[in-house]
Student: 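Please find one structure pasted underneath; my questions will follow.
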Amino acid sequence: MATAQALTQPVTETRPRRRRINWLLVSGLIIMLALILFGVGGGMIIDKSYAQVGAFLPRMAPDAERLLGTDSQGRDVLSVLILSTPNTLLIGLIAGTVGVGVGVVLGLLSGFFGGIIDGVIRTVTDVFVTIPGIALLVVIATNVRSINVAIMALIVASLAWRFPARAIRAQTLSLRERGYVQIARLNGVGGLELVIKEVLPNLLPYIAASFVSTVSQSILATIGLEALGLGPQNEYTLGMMIYWAQFYGAILRGFWWWWMPPIVIIVLIFVGLLLTSSGLDDLVNTRLRRSV
Amino acid sequence: MNLQYVIRRTGVFILVVVLAVTVNFMIPRLIPGDPIEEKLSQLTATSSGNLVTGIEEMAAAYRTQFGLDRPLVEQYVNYWRDILRLDFGYSLSNYPETVSNSISAALPWTVFLVGTSTLISFVIGSLLGGLLAWPRIPRVLRGLIPVLMVISAVPYFLLGIILIYLFVIVNRIFPAGGAYTFGSTLHWDLESLGDILHHAFLPGMSIVVAGIGAWALNMRGMMISVLGEDFITLAKAKGLREKRIFLWYGLRNGLLPQLTTLALTLGYVVSGSILVEVIFSYPGIGYKLYQAIQTKDFFVVQGIVLVLIVSIGFALYVLDLVYPLIDPRIQYDVR
């Protein structure tokens, strides 16, 4: 394999290729792992009653006892933060899974079978891609009476399929014409079997990359909706922390410990996911050589 | 221009409008619960129990008045008729203001804030990205790439919160919110303009700075592939000056695809800006939406959502039609 590759290399390339460690992917995964550890691991250690309304005096500044102080309702901010992180990640994960699942099915159907199926799916995708997600999500969320983490995830998932569907369709179109797919087709493999056995496995790297970015988009959408006040009222999430901080005027009153901690975690989530998806991108597009 | 492309693109735009109107119409009717009864019982609950009986009858009367007792199809047709007349009904929390008035008062602020800062962000980001792809730049500048990556990962409004903290709370340089000094009347003079710019600076900065990272990284990728093209090698061989190659051969070619990205991300930019307005209490569409959600002013929410979807849909439609004229290399309908 290595020699075959070497033979097909252009003669001008004199530098030997060495296996680089994919630092982007590694650091991205480490950040995500640390966040999960913080949320899930921390959730096992802390006393959950600290995060309840009236557990402490309200608006206490951070000290040695309450590391991040307390909020307007006397909840320990650190405990709320620890309980919020996994919920926000979970919403992203569910929405990402549903979104990519639906997107892959649509993209495969559209790209592989073509014809009327493709026409319909492509038009629907084009229409939905044009719509600013938050606008549609706001209509849905304002009309749903009580929102919890699972419902929140489904609301966000209702639009999360758009970009995966488009990306997977494009990849399927190019895979469809590859030699091995043609040969399988000549051998009498057809229809769904061909898609599942020959096309789908080769799409896996693209699906992985599209999954990570969909999770990221979904979390962004969730936090946006929550900051507008359309999030779960009775469960802890990072966006709701921001909403309550904004609602009680924490920014102008200088209570930085209400909004700074969720912002730090949110930024870490996005940076972690961005690094992971860039890393996956490098892995998928091996042709793409970083010049720096 | 390819006629089939234009027809298809027009069809997609019409479908966007139909979808937006239909969703606005259907979703409140699909979800169980009666907003009228809910609003009425909310009102009676807050009016210290003077009026507790007769909610059923009142709700029925309102339903007749709003035409909600008619068949669904008829309601749908009426809904369309109202929308086409730009009649979105009345604001529930600011009655008797109409939703259309409410939106048209807020829209100019959003167009000004979001339009200007997106443009600035696009220009600075693209130039920066182009520079970062240029092999001759100092090493120090390269250090910017990871910084840009982190910035591009931060949602607009979170940056806004940090900016308020730094420049309003810690250093009292800028006002905390609003579009102009509270209580002042605006005139067409320098003083008012200065006041408006002073107020727009921080929210504008959040959009500009948060956007720059993505533009720069995107442009850098575009430039790297352009710089690998044969015509760049030829330009070098001809002995053209570096600056000329960079600006006229590199940047110009990298910039065109960047315009497509502008079109694709317009939705994100607007979504992000909505929350920036909320954080800065900037009296645009986004802040209006936030207030409407807080006061359960459903008609205003629906009106704003419709305006957002249709105007962005229209902007993308125009961009898609104009783009092949700007960039002759584009192939119609290739995906």
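Residue numbers begin at 1 in each chain, while the letters A, B, ... track the order of the sequences.
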Student: Look up atom CZ in B:Phe13 and atom CG in A:Asp126, then write down how far apart they are to the nearest 0.5 Å.
Tutor: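 Here the rounded value is 14.5 Å.
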Student: Would you mind checking which part of B:Ser225 comes under 4.5 Å of any heavy atom in chain A, side chain (CB onward), backbone (N, CA, C, O), both or neither?
Tutor: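 Neither part.
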Student: Sort out for me which of A:Ala221, A:Ala227, A:Gly229, A:Ser216 touches chain B most, counting heavy-atom pairs under 4.5 Å.
Tutor: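 Highest number of pairs under 4.5 Å: A:Ala227.
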Student: Flag the one option from A:Gly133, A:Gly254, A:Pro132 with the top tally of heavy-atom pairs under 4.5 Å to chain B.
Tutor: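 Greatest number of close heavy-atom pairs with chain B: A:Pro132.
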Student: As a quick check of understanding, evaluate side-chain contact (heavy atoms from CB on, under 4.5 Å) for B:Ile161 and A:Gln246, giving each step before the final call.
Tutor: CA-CA 9 Å; B:Ile161 297 181; A:Gln246 158 81 5; 5.7 Å; no
Student: Looking at A:Trp256, A:Trp259, A:Trp258, which hits ring-ring contact (aromatic ring centres under 6.0 Å, His included) with B:Tyr165?
Tutor: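 Option passing the ring-ring contact (aromatic ring centres under 6.0 Å, His included) with B:Tyr165: A:Trp259.
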Student: Report which part of B:Leu316 has an atom under 4.5 Å of a heavy atom belonging to chain A: side chain, backbone, both, or neither.
Tutor: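 Just its side chain gets close to chain A.
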Student: Quick check on B:Val12 against chain A: is it the side chain, the backbone, both or neither that has a heavy atom closer than 4.5 Å?
Tutor: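 Contact with chain A involves both backbone and side-chain atoms of B:Val12.
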Student: Using non-hydrogen atoms and a 4.5 Å limit, figure out which bit of B:Leu158 sits close to chain A: side chain, backbone, both or neither.
Tutor: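 For B:Leu158, the contact with chain A is made by backbone and side chain together.
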Student: Side chain, backbone, both or neither: which part of B:Ile304 has a heavy atom under 4.5 Å from chain A?
Tutor: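 Neither; nothing under 4.5 Å.
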Student: Under a 4.5 Å heavy-atom cut-off, does chain A meet the side chain of B:Leu19, its backbone, both or neither?
Tutor: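 Interface part for B:Leu19: side chain.
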Student: When you look at B:Arg8 and A:Thr123, which way does the side-chain contact (heavy atoms from CB on, under 4.5 Å) test go after all the steps?
Tutor: CA-CA 9 Å; B:Arg8 187 186 144 71; A:Thr123 310; 3.6 Å; yes
Student: Using side-chain heavy atoms (C-beta onward) and a distance below 4.5 Å, is A:Leu275 in contact with B:Met149?
Tutor: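 Yes, close enough: below the 4.5 Å cut-off.
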Student: So which part of B:Ile279 gets closer than 4.5 Å to some heavy atom of chain A, the side chain, the backbone, both or neither?
Tutor: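 B:Ile279 touches chain A through backbone and side-chain heavy atoms alike.
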Student: Measure distances from B:Ile309 to the heavy atoms of chain A and classify the residue's part below 4.5 Å as side chain, backbone, both or neither.
Tutor: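 Both backbone and side chain of B:Ile309 come within 4.5 Å of chain A.
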Student: Passes side-chain contact (heavy atoms from CB on, under 4.5 Å), B:Ile274 versus A:Leu228? Steps please.
Tutor: CA-CA 9 Å; B:Ile274 287 176; A:Leu228 283 171; 4.3 Å; yes
Student: Please rank A:Ile242, A:Val124, A:Ile269, A:Val271 by heavy-atom pairs under 4.5 Å with chain B and give me the top one.
Tutor: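 Answer, by heavy-atom pair count under 4.5 Å with chain B: A:Val271.
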Student: Taking every non-hydrogen pair under 4.5 Å, which of B:Leu308, B:Val170, B:Leu275 racks up the most with chain A?
Tutor: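 Between B:Leu308, B:Val170, B:Leu275, the count favours B:Leu275.
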